[in-house]
Amino acid sequence: MSGPTDVAACVEEARRAIAAAGSTEELRRVTAEVSGKRSPLAEMSRELGALEPEARRQRGQHLQAARAVVEGLLEERAAALRFEERSRELAASRLDLTEFLPGSPAARAARGHLHLVSQTRDELEDVFVGMGFEVAEGPEIETDWYNFGALNIPPAHPARGMWDTFYLDLGEPETTLLRTHTSPVQIHLMERAVLDGALPIHAVMPGRCYRRDTPDARHLPVFHQVEGLVVDRGITFADLAGTIEVFTAAYFGPDIHARLRPAYFPFTEPSAEFEITCTLCRGTGCRTCSQTGWIELGGCGMVDPAVFAAVGVDAESWTGFAFGFGIDRCAQMRHQIADLRALVENDIRFLRQF
Ligand code: FA5
């Protein structure tokens, strides 16, 4: 028969096993070992019956106290493990906002970038600034005078047909409109320069334009142009042609050629269309260039004296050239995008490529 020392040894052994249990699961196993039906303490309780009454009473009290100590240790350890495990769970599921502070990998992954059209506009501005041009802007909502009248396109002029647009209902019918091209910014610049005595002008004017055009591989109803205007003394068509040539080589590289073809614009005389080799087929003909091998980027010409008269520039002292071409078209040709509509479809897989 074992004595009190065995009971103390059992309690010590239980204390050690309970402290070593690293999880609630492990503690459940330890509980069975130290206080279950087959535990040494339970075994000792079963042996009490063989003792004399007095010895049985004393040993019974002793065993009861030992079992109370073990139960207490088990409860204490169970509570500590529950706390540790819950803390670990919370730490794992916590939303750590510091991950999204600037500079962290998560914040970098979530950040977008400029749309291809904005990137193209910036690059075009850079090329022209490098050539000595200033950058100016004008309003997208215009009056009939700026979009048409001052540009030598009087009411009922046939040229208005190809520049039909969206009109705003602001009282007088068909007087306020969404601009169909960036050419009205020429008028604003010249008017201001005349008032301020600030001629000559060497400026490019990028911006959004609107037309009643049906979307197709080369057209969008909302698109972007960059206008160019030079007003100075002794400017000739050779200056215009040279500017277009330098720009084409700088922006598209030496493999892409530009050509000027006679055209008509009411606000330039003579006028030309500015075309470049189609970058998709390299001139052999494809769906995007309608099998011609060339893509029209824009129009250009010498500023018509009627436009100078409308803004008060003395056409005897000053001459100038102007051009206007599509920013979306430039992006299309630079990156060989078969269909311009891809630029506005918002397919992230397409946009991520640029
Ligand atoms: C004009 O808009 C004239 N203002 C250009 C100009 C300026 C001529 C200065 C002379 C002097 P046009 O309608 O051809 O011209 O348009 C010029 C360019 O804008 C086109 O060649 C094309 O690149 C782009 N463009 C025109 N319409 C659209 C459209 N719906 N979608 C995308 N790009 C377009």
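First listed ligand is number 1; within each ligand, the first listed atom is number 1.
- Remark: distances from the non-hydrogen atoms of W163 to ligand 1 include one below 4.0 Å.
- Any N or O atom pair closer than 3.5 Å counts here, and P221 shares no such pair with ligand 1.
- Ligand 1 lies nowhere less than 4.0 angstrom from a heavy atom belonging to S271.
- Between L151 and ligand 1 there is no heavy-atom distance shorter than 4.0 Å.
- The shortest heavy-atom distance from Q186 to ligand 1 is under 4.0 Å.
- With ligand atoms numbered from 1 in the order given, ligand 1 contributes 17 (C), 18 (C), 21 (O) to contacts under 4.0 Å with heavy atoms of G298.
- Of the N or O atoms in E296, one or more lie within a sub-3.5 Å distance of an N or O in ligand 1.
- Side chains of T180 and N147: a donor-acceptor N/O pair is present below 3.5 angstrom, by distance only.
- Under a 4.0 Å heavy-atom criterion, F274 is not in contact with ligand 1.
- Looking at ligand 1, you won't find any N or O of T268 less than 3.5 Å from one of its N or O atoms.
- In this structure, a donor-acceptor pair under 3.5 Å is absent between the side chains of E269 and Y264.
- Only the backbone of C300 comes within 4.0 Å of ligand 1, judged by heavy-atom distances.
- The shortest N or O to N or O distance between T180 and ligand 1 is not below 3.5 Å.
- Using the six-membered ring where Trp is involved, H188 and Y146 have ring planes that are parallel, under 30° apart on the 30 and 60° scheme.
- Contact annotation: R218 has at least one heavy atom less than 4.0 Å from an atom of ligand 1.
- Ring geometry, F323 versus F133: the interplanar angle exceeds 60°, so the pair is classed perpendicular (tilted spans 30 to 60°).
- For the pair G326 and ligand 1, the shortest N or O to N or O distance falls below 3.5 Å.
- Below 3.5 Å of separation, one finds no N or O of D328 facing any N or O of ligand 1.
- Under 4.0 Å from ligand 1, the heavy atoms of E227 that appear belong solely to its side chain.
- Among the atoms of F325, none of the N or O lies under 3.5 angstrom from an N or O of ligand 1.
- Atoms of ligand 1 found under 4.0 Å from any heavy atom of L340, numbered from 1 in the order shown, are 32 (C).
- With hydrogens left out, the protein atom closest to atom 23 (O) of ligand 1 is L297 O, 2.7 Å, a heavy atom.
- Ranking the protein heavy atoms by distance from atom 25 (N) of ligand 1 puts F223 CE1, 3.5 Å first.
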